[in-house]
Each structure stands twice: as structure tokens, then as C-alpha cells.
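Within every chain, numbering begins at 1; the chains are lettered A, B, ... in the order of the sequence lines, protein sequences first and strands thereafter. All values below were derived from every heavy atom in this structure, side-chain atoms included, with hydrogens, water molecules and symmetry-related copies excluded. Please read all numbers here as calculations on a predicted model, not as lab measurements.
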Amino acid sequence: MSVATEPGERRLERAFYRRPAVDVAPELLNKVLWAGPRAGRIVEVEAYMGSHDPASHAFRGPTPRNRVMFGPPGHLYVYFSYGVHWCANVVCGEEGEASAVLLRALAPTEGIEAMFAARLAARRPRDLCSGPGKLTQALGIGRDHDGADLVSGDRGVDVRDDGTAPPAAPVVARRVGISVAVDRPWRWYVPGDPNVSRR
DNA sequence: ACCGGGATGTTCT
DNA sequence: GAACATCCCGGTG
């Protein structure tokens, strides 16, 4: 199942993802994630560097949960967090490297009514996608999307460039919610965007 | 506003 | 048994 892109939009190709996650992550800022009719502009990301990164799910090798990370780039790795929430990553680098970019926040752009319906706790638009567990709930991303190929629009998900460049000076910060390798400055976000997760 | 606890699948000790 | 790439709600000030 593929996805029709709007005029003036270009779906990201495989080569975009086939680089280290620390290089891909800041360039994903201001790209647009689509899931069916819902979409949001990516405003906050984190890089996880596979076997080189103690904070990565892939650090200790493949498991049933993380196997998608060890596959080709451009696929979505979706995992269940704290037994409650789904979180979505974009697989990067060469096949087998298991590096990935965690999508942490979006600015909602399309399907906002559906997002509110999916997230009853949200009171304002900034409550819809301002965290990794929130954005998957808002866009309806879950277990069924684990392994989906963003390059072909598999299962209705893809990432598009609508002509908006990444920020010239993104904020660089430490990663959120981890207890090891906390010093690595592998979180990037759009300065001043109200959808960036609180912390 | 800030803080504490509960929810609970997957993975590792 | 415990930690974990989180979020929500209800308490207090």
C-alpha cells in the first residue's frame, strides 16, 4: 500500500537514510512525517548509534524486539515503552549497523481532528505530538508499523521534504530519559518550537 | 507551578 | 526481580 504525495513534496529516498544517525538526525528536522491522512513536521529528534552506544536498544545485539534496526535503512522501528506507549525510530546507516533516529516531537499539520480523537488527554494542539509516546498515539502508529518501509510508503507511512530547509542553527542537547551515555549531545530540536517535549 | 506514583511488555541480572 | 529512549493524574503550594 503506497501513499500519494502532494504537489511540491518529495518523499525521502533510501540514500538519505543510508548515513550515520548523527548525520541524518538534524536533517530530519522540518521534514514531514505522514501516517495515512495525518501528518506533522519533525521538530525534535535523538540519534542512537547501535553497537557503539550503550543507550541504544541495539547495544547488546539483535533481539526479537529490535530486529528491524539491524535491517536496511529507511524502515520504521517501533517499540513498546514502559509497557504503555509506542515510540518510533527511523533506521539509518548501512544494513547491520542498527543505528536509528528517535522521533521525539512533531508540529501537527494535517489530520488534527483525528489526532485529538486519538488523544483524549490533549487540550491544545501542542499536547498532541510533544513527546515520543504522544506523537505515535496522535498519528495512530503502533505495533503494526514496526518494519514499515518509509521509502515506499509501506503501510501508509513516509517522510517528505516540502521545501522547508532544516534550521540553520538547531539546538543541540543531551538525550532525554536515559541513564547511560548521557553526555553525548545527540538530541536536536527546532529553536522556539512550542511542540518540543518538556524536560 | 512542582512533585510522586501508577500503568506494565521486553529485556537482562 | 529490576530497569526501561514515557505519560497521565491527583496531590500540594
Quiz item: What's the verdict on side-chain hydrogen bond (donor to acceptor under 3.5 Å, both in side chains) for A/His57 and A/Tyr77, showing C-alpha distance, side-chain angles and the deciding distance?
Solution: CA-CA 11 Å; A/His57 289 173; A/Tyr77 163 51; 2.9 Å; yes
Practice problem: Kindly indicate, with the supporting measurements, whether the criterion side chain to side chain contact (heavy atoms under 4.5 Å, CB included) is fulfilled by A/Met49 and A/Ser56. | Solution: CA-CA 6 Å; A/Met49 292 296 285; A/Ser56 171; over 6 Å; no
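Looking only at atom types and distance, the side chain of A/Arg41 has no donor-acceptor partner in the side chain of A/Thr109 under 3.5 Å away. For the residue pair A/Ser152 / A/Asp154, no side-chain donor-acceptor distance below 3.5 Å is found, with atom types taken as modelled.
In the 5' to 3' direction, nucleotides of DNA chain C lying under 4.0 Å from heavy atoms of chain A begin and end at C/dC4 to C/dC8.
The number of heavy-atom neighbours closer than 6.0 Å to CD of A/Glu9, taken from other residues, nucleotides and ligands shown, is above 12. Annotation for A/Arg67: atom CZ does not count as buried by contact number, only 12 or fewer foreign heavy atoms lying within 6.0 Å.
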Nucleotide N/O to protein N/O under 3.5 Å, stretch nucleotides 9-13 of chain B:
| unit_1 | atom_1 | unit_2 | atom_2 | d |
| --- | --- | --- | --- | --- |
| B/dT11 | OP1 | A/Thr63 | OG1 | 2.9 |
| B/dT11 | OP1 | A/Arg65 | N | 2.7 |

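Comparing the P positions of C/dA5 and B/dC3 gives an interatomic distance of 22 Å, to the nearest angstrom.
The pair A/Arg175-A/Asp53 meets the salt-bridge criterion, since a charged nitrogen lies less than 4.0 angstrom from a carboxylate oxygen. We find that A/Arg38 and A/Glu110 are not joined by a salt bridge, their nearest charged nitrogen and carboxylate oxygen being 4.0 Å or further apart. Between A/Arg160 and A/Asp162 no salt bridge is recorded (no basic side-chain N to carboxylate O distance below 4.0 Å). Using a cut-off of 4.0 Å between Lys/Arg side-chain N and Asp/Glu carboxylate O, A/Glu27 and A/Arg19 are scored as salt-bridged.
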Quiz item: Once Watson-Crick and G-U wobble pairs under 3.5 Å are found, how is DNA chain B written in dot-bracket notation, 5' to 3', with | for any base paired to another strand?
Solution: |||||||.||||.
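Comparing A/Ser56 and A/Arg119, the nucleotide of DNA chain C nearest to each residue sits closer to the 5' end for A/Ser56. The 5' end of DNA chain C is approached more closely, in terms of each residue's nearest nucleotide, by A/Ala58 than by the other of A/Ala58 and A/Asp127.
Across all strands shown, A/Ala55 has heavy atoms under 4.0 Å from base atoms, whether or not it also approaches the sugar-phosphate. As judged by a 4.0 angstrom heavy-atom cut-off over every strand, A/Arg104 is placed among residues touching the sugar-phosphate backbone only. Residue A/Leu102 is in base contact, counting any heavy-atom pair closer than 4.0 Å across all strands shown.
Residue A/Leu28 is grouped with residue A/Trp188 when hydrophobic side chains (ILVMFWY) are merged at heavy-atom distances under 4.5 angstrom, including chains of intermediate members.
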